2 protein chains.
Amino acid sequence: MLVSNHARPTLEDVAARAGVSRATASRVLNASPRVSPEALEAVNAAVSALGYQPNRAARALVTRRTGAVAVLFSEPEPKIFDDPHFARLIRAGARALADVDVQMVLMLVHSPDDQARAHRFLAGGHVDGALVFAPHRNDEVVSVVKKLPLPVVYAGKPWGSLRGMHLVDNDNEGGAVLATEHLKSLGRKKIVHVSGPLDELSAIDRLNGFKSALSLDDKGVARLTEDGGFTREGGRKAMSALLARVPALDAVFVASDLMAAGALESLHEAGRRVPEDVAVVGFDDHVAIAEHTSPPLTSVRQDSDEQVKHMVEHLMKLLRDETVKRKQQMLPTVLVRRESA
Amino acid sequence: MLVSNHARPTLEDVAARAGVSRATASRVLNASPRVSPEALEAVNAAVSALGYQPNRAARALVTRRTGAVAVLFSEPEPKIFDDPHFARLIRAGARALADVDVQMVLMLVHSPDDQARAHRFLAGGHVDGALVFAPHRNDEVVSVVKKLPLPVVYAGKPWGSLRGMHLVDNDNEGGAVLATEHLKSLGRKKIVHVSGPLDELSAIDRLNGFKSALSLDDKGVARLTEDGGFTREGGRKAMSALLARVPALDAVFVASDLMAAGALESLHEAGRRVPEDVAVVGFDDHVAIAEHTSPPLTSVRQDSDEQVKHMVEHLMKLLRDETVKRKQQMLPTVLVRRESA
DNA sequence: CTCCTCGATGAAAACCTTTGAGTCGCTAAG
DNA sequence: CTTAGCGACTCAAAGGTTTTCATCGAGGAG
């Protein structure tokens, strides 16, 4: 029998070599139970002998599954560049999806053009589902995605009604309580907060945790809090503003490590020693930042790798039509002590 | 006529509605010339009326094209997190590929496991081609990819023989000459260089540009140069080492903006004023960094967006079997003056 | 010994598109 | 008036897999 030119082997070839029909070979590949041990072995042998790989397109055609999922980021461009958090999320997504043998189609969505394209793409059935990172208030992406008949898992709470939405969030509020309680336990009396932008629910949750740990009323929170916009520069400015407004402050809980880095700069400039004069706690536990500030930063760890892994698992369950016990998962946060508090 | 349930319309539906055959409808979609204006219009009308989108799997099955390309990054993890350059490349890739309606499948390749997976995936015919970012010496990814019958375009020169390889590089050497000449033109006499890791050809090229602009011999270069590893911290340390070794230095060309940021810190600590005492030129012109150092950084611009765009165009030509005039493209670099030199 | 059941298997349809070969109606050339 | 040529189109095959349904054989019950 002539071996064909070095075209990729098809299921037919495998079946022929194993001495069974295409159907049986297919059943082996899909781990169907109705197949005899001998057939199973023969097919497996043929598969590895031929180096067979199923043709994704053919399979997709009949199963109506593409084996790909979209990963959507809606974030203004500078943030994506500056904040290592995004790189980490993208990497975690790449790894987690590769682990389950699913193609990751990355889409960055900023402009209305991008939104239209994303809509076309998602509606076009080119992916089986989507992972959506869109933390901002009234994010267009969310409304675009929401009306599509497509399984979606969100990272954190998207703005608006959460009814029926699948998401994996970090316990932002709990983490903030942890951080604030820790500062209290150090005997600090005048604790302030550099928050993230209040059009993101994660920032609001952290603010609320701070507020509840200190039993503050709205006015109190407003006085002791400044928005740092989740950027380094914003953190620096917010810290300066707080120093001006509350000169006697002896501790600060900063809602992200990147902002905390900025806040530390501001504190140094103001001549305050950390942690002696002012204790500082960040949020994220982003090692690349937290371990390289001076002093190294005590921070609330939110494990992004874990979050993304859960998102992928959750989405896979949705795709397999399994029932998920809880649509909305919350991941615990822990305090990682270093030297700043 | 009953409208079917809300299943996605197929080409058959479009053809029926337009009153033509499937074949004609297909030709319209693929912009074949052999089609009458009336038919063209009728089909287009039907397409938009039905909101038809071609089934990618079916198309892939017959054309043997997947409509997806892989984007491979082989870089140790910390780099990917810390260096905004990667975020920029990823973003540029996402945009450029979306523009030509091609799916971007992102793969980060670090471990041997990853390499095996990448090999399986690429050999499995799941993508039509690949964009490879693998700058390091003897990078496994390159050898894996090289023996595959798959169109590949590299970012920058991969290590090893370049014969027959398609790549888009920045004019690193030219940029380095530009930077060094600029420092000379400022009347600086003692110019040193913080290089990137010398297992990357881009770093070597920049070093060579520095060397040739100053007509240095090997010994001279060695004395005036220190490896900063393309990291911020490395830049700081390299600068300190150079300050110790060449106290009289009055200018430094740093091979990346991230390292330059570190070098500036080191210079400040050493009490040198920039640019009065020491003029500094970076490389990359990474705005997020260069505009926010103090003082703002003069830098050699390499336009990554442009580079990636060229890579995508190049790959598309390869996929269309067009002949490419030059397999290896070199993109010009320009000096962007700010305050540091 | 016959009839059923049941598990393993094979034949064939279905998924949706592209594309080469063939058809049809027309004009221009002979 | 016939015929070659041509443009626009249709027919139908091909592409590789999953899955339904039918078949086949073996073994157990009657």
Side-chain angles (χ1 to χ4, degrees), chain A residues 4-44 46-47 50-68 101 124-126 128 319-321, chain B residues 4-5 7-44 46-47 50-68 101 123-126 128 319-321:
Chain A
S4 72
N5 37 2
H6 38 191
R8 295 180 49 204
T10 95
L11 190 55
E12 188 79 52
D13 302 332
V14 171
R17 180 166 181 130
V20 300
S21 76
R22 225 164 46 224
T24 303
S26 172
R27 281 189 259 267
V28 170
L29 290 178
N30 296 294
S32 156
R34 333 246 94 196
V35 66
S36 69
E38 310 87 63
L40 188 142
E41 192 185 358
V43 171
N44 280 334
V47 164
L50 265 39
Y52 169 76
Q53 290 237 29
N55 181 313
R56 213 154 181 142
R59 176 177 279 178
L61 187 57
V62 48
T63 59
R64 286 119 177 293
R65 279 288 168 72
T66 64
D101 207 41
H126 301 312
D128 300 332
L319 293 183
R320 287 192 301 260
D321 275 325
Chain B
S4 71
N5 38 2
R8 295 181 49 205
T10 113
L11 189 56
E12 187 80 52
D13 302 333
V14 171
R17 180 166 180 130
V20 300
S21 76
R22 227 167 40 226
T24 303
S26 172
R27 284 188 244 276
V28 169
L29 290 178
N30 296 294
S32 158
R34 325 251 102 200
V35 71
S36 68
E38 310 86 63
L40 189 143
E41 192 184 357
V43 171
N44 280 334
V47 163
L50 264 40
Y52 169 76
Q53 290 238 27
N55 180 313
R56 213 154 183 143
R59 177 177 278 179
L61 187 57
V62 48
T63 59
R64 283 117 180 293
R65 279 287 167 74
T66 65
D101 208 42
H126 301 312
D128 300 332
L319 293 183
R320 287 191 301 261
D321 274 324

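Just so we're clear, the structure is a prediction, and the values are computed from it rather than from any experiment.
- Across every non-hydrogen atom of B/R56 and B/D101, the tightest pair is NH2-O, 3.3 Å.
- Nucleic acid contact for A/R27: base, since at least one base atom lies under 4.0 Å from a heavy atom of the residue.
- Distances shown here put every side-chain N or O of A/S21 at or beyond 4.0 Å from the OP1 or OP2 atom of C/dA11.
- Within the structure, a side-chain polar atom (N or O) of A/S26 is placed less than 4.0 Å from OP1 or OP2 of D/dT18.
- OP1 or OP2 of D/dG15 has not a single side-chain nitrogen or oxygen of A/N55 nearer than 4.0 Å.
- In this model, the phosphate group of C/dC15 is not approached by any side-chain N or O of B/T10 to a distance below 4.0 Å at OP1 or OP2.
- The shortest distance between the side-chain N/O atoms of B/R56 and the OP1/OP2 oxygens of C/dT17 is not below 4.0 Å.
- Across B/A57 and A/L61, no two heavy atoms sit closer than the pair CB-N, 3.8 Å.
- Nucleotides of DNA chain C nearest to A/E38 and B/Y52 differ in position, and the one nearer the 5' end is that of A/E38.
- For the pair A/N30 and A/R59, the tightest heavy-atom approach, listed with the atom from each and the gap, is OD1-NH2, 3.9 Å.
- Heavy atoms of B/A60 sit nowhere under 4.0 angstrom from any nucleic acid atom.
- Test A/L50, A/V20, A/N44 against A/V14 for side-chain contact (heavy atoms from CB on, under 4.5 Å) and you get one pass: A/L50.
- Rounded to a whole Å, the CG atom of B/L61 is 12 Å from the P atom of D/dT18.
- Summarising the geometry, the separation between CZ on A/R34 and C1' on C/dG10 is reported as 16 Å, rounded to the nearest angstrom.
- Following rounding to the nearest Å, B/R22 (CZ) and C/dC16 (C1') show an atom-to-atom distance of 8 Å.
- No engagement by A/A57 is indicated, since no non-hydrogen atom pair under 4.0 Å with the nucleic acid exists.
- Rounded to an integer number of Å, the gap from CD of A/E12 to P of C/dG10 is 12 Å.
- In this structure, B/R65 places its CZ atom 18 Å from C1' of D/dA14, rounding to the nearest Å.
- Note on B/T24: a base of the nucleic acid sits closer than 4.0 angstrom, heavy atoms only.
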